[in-house]
Amino acid sequence: MPAPITVHVAGSERSVAEGTTYGELFEDQRGVLVARVDGELRDLHLAAHDGEAVEPVTAAEQDGLEVLRHSAAHVLAQAVQQVNPSARLGIGPPVRDGFYYDFDVETPFTPEDLKALEKTMQRIVNEGQTFRRREVSDQEAAAELAAEPYKIELIGLKGGAAEDAAEGASVEVGGSQLTIYDNVRKDGTVAWGDLCRGPHVPSTKVLGNAFKLMRSAAAYWRGSERNPQLQRIYGTAWPSKEELKAYLERLAEAERRDHRRLGAELDLFSFPEVLGAGLPVFHPKGGVVKREMEDYVRRRHIEEGFSYVGTPHISREELFYTSGHLPYYADGMFPPMDLDGQSYRLKAMNCPIHNLIYRSRGRSYRDLPLRLFEFGTVYRDEKSGVLSGLTRVRMITQDDSHSYVAKEDAPAEVGHLLEFVLSLLRDFGLEDYYLEISTRDDSKPEKFIGSDAQWEEATRVLEEVAVASGLELVPDPGGAAYYGPKISVQARDAIGRTWQMSTIQYDFNQPERFGLEYQAADGTRQQPVMIHAAKFGSIERFVGVLVEHYAGAFPPWLAPVQVLGIPVAEEFEPYLREVGERLAAEGVRFELDESDDRFPKKIRNASKSKVPFVLIAGEEDRSAGAVSFRYRDGSQKNGVPVEEAVQEVLGAIRAKTQV
RNA sequence: GCUGGCGUGGCGCAAUCGGUAGCGCACCUGUCUUGUAAACAGGUGGUUGGGGGUUCGAGUCCCCCCGCCAGCUCCA
């Protein structure tokens, strides 16, 4: 008779026989995947010890969900090796919405392979194999995994170095004790095993039919392009079939909102192949969105004390040696073109030219802060594989400003800029964002210029302002530009994806390199600090984000066509045209549907074009001096007097509300 | 840049074993047009991304280039 032990189960004390497993403690509860024991996750098949505090963990919480997904990755690896025993294993961690596993295989996976693997996985799942934890010494592991070179490499890195070895590697060799997880069949035979920190779900059965393999792609081993590429399979796994379906529906919704698709459907912009990759053209309708946005942003800058300037798109190369972009950033710049024996470059940044404006005459402390601003289009030689719609292009129009301030005024200027940036984002309906602070990587001094003291001060100023904003702040070590640290705003769009938008950078380097100075009140010559700020980052990217955020249904003030008139029959065209002229006189973008389509077809077209206001007129409206509204949600308001209708439209445009 | 997949009228797609390119929408023309998501009929439009090769014959097979997609790496 084993001696009883005492454990604290979910807060209450229980006395159980020694050898009782965690799983047995939760026998009467459904959906428990692992136990949290004194804060650490453990497998359910392990025995509890005296005095432990034990809590059940289900897939309803993040920890449980990650265990579920990690186990799904194991089943995938088992399936791959079952089908192809020569496949070598990389790592297989859980990730956002799912998991992946990397394999070294002779030939990459095809979509058909994925289908077949999914079936193999389903068989393993249905079999209800259990995950068994087994502690091994380094030598034992090395012997057992002799055929798995990547695992062997990880064994050598176990412990603290694991997460440095590769993102996700700690799930394989997280602690100081190596463990192997065996998948055990119902008859007790071992089906498969993998080096793994664990823990795992009790049985493959838990995965049910709520998993799916999504795609395969190459990934560099341990995240370095100097290493060989492995074949990565991405999958998704959820606690239930319903949640899997909901996830797939979210993906479908994201696809419907994709700005590349909506851009073509709504005739906003295109990427003509002859132009070359990453070079968008804006069509008239996209041009309206872009111009409305630019007009507004320009006006707000002027209100906030910025001076609008203009600069060329190319410059003699020398300028970029002065600024330091060459050679620090040579790879990202287009190659030089030769003019009369001089090398010219497309500019990749506006700041050097703004510095020339600063330097164009002597400056006094009375000129400061000097705030120069423009929509500066820069060209960057982004690698072909990273280009993507409007969000990653080679032509980037920045709403770029440079504030030249006395050093002691820099904190106030940074604060002012951040506030300004956030107010602009709110005006465009983006409410959901967080800050990221990018700092120098101390281990790579060759990538950054400036003294330690300068970096410290710059970083401190940005940090203080960022913290004072009260927003969520995420560190990004090593992400700084060579000339200084930055704060960036990462905005979430309507479906939760994040994009780097605004950036604010503190720069003590360029003022020095350009010899910028001003005369202080005491007659001495001082060097200003410059603060770079891009409010929306890239106009192109921002348009793309807006399209997705609104799913193409822009608020009236941004909508390419604000009001579309649809006559019930041809006879009412003149009447509606008059209404349209009244609206146009107020600056409203009005179009009249004069096509020879019949009425219901016109309604359908209007609906597909996502115009905010459809105005309809037939005999009833005309004789009453009224019009009828049809809104985007299909609802209607009939017999609205024309003047009232005009006011409703104008009100929505001026208030920048969504309808 | 790397790995894989893909490229057929403006858009979405089809074309068997390699056999001489077809459909829907859009567009044009005509007959139409009265209340909230598709009237009817006819018609125009393609060097199948570009170039080269194999073949009696290439959208289909091979090579090079361009572009697109996914992921990796990168993103001042």
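Here the structure is a predicted model, which is why all the values come from computation and not from measurement. In what follows, every chain begins at residue 1, and chains take the letters A, B, ... in the order their sequences are listed. These numbers come from the heavy atoms of this one structure, side chains and all, not from hydrogens, waters or symmetry mates.
Spacing of C1' atoms, B:C72 relative to B:G59, comes out at 32 Å, to the nearest Å. Straight-line distance between the P atoms of B:G9 and B:G46: roughly 11 Å, to the nearest whole Å. Taking the P atoms as reference points, B:C23 lies 36 Å from B:C64, given to the whole Å. B:C28 and B:G45: their C1' atoms are spaced 10 Å apart (whole Å).
Side-chain contact of A:Ser86 with A:Glu106: a donor-acceptor pair under 3.5 Å is absent, judged by distance alone.
Here the nucleotide nearest the side chain of A:Ala569, chosen from B:C72, B:G67, B:U34, is B:U34. If you check B:U34, B:C69, B:U33 against the side chain of A:Glu570, the one that comes closest is B:U33. The side chain of A:Asp596 sits closest to B:C32 out of B:U3, B:A39, B:C32.
Rounding to whole angstrom units, CG of residue A:Asp331 and C1' of B:G1 are separated by 10 Å. Rounding to whole angstrom units, OH of residue A:Tyr100 and P of B:U3 are separated by 20 Å. We find that CG of A:Asp597 is positioned 9 Å from C1' of B:A38, with the value rounded to whole Å.
The number of heavy-atom neighbours closer than 6.0 Å to CD of A:Glu318, taken from other residues, nucleotides and ligands shown, is 12 or below.
Residue-level contact check: A:Tyr220 touches the bases, meaning some heavy atom is under 4.0 Å from a base atom. Using a 4.0 Å heavy-atom criterion, one finds that A:Arg392 contacts the bases of the nucleic acid, with or without backbone contacts as well.
Considering only heavy atoms from C-beta on, A:Asp507 stays 4.5 Å or farther from A:Val529 through its side chain.
Using Watson-Crick or G-U wobble geometry with both donor-acceptor distances under 3.5 Å, B:U3 finds its partner in B:A70.
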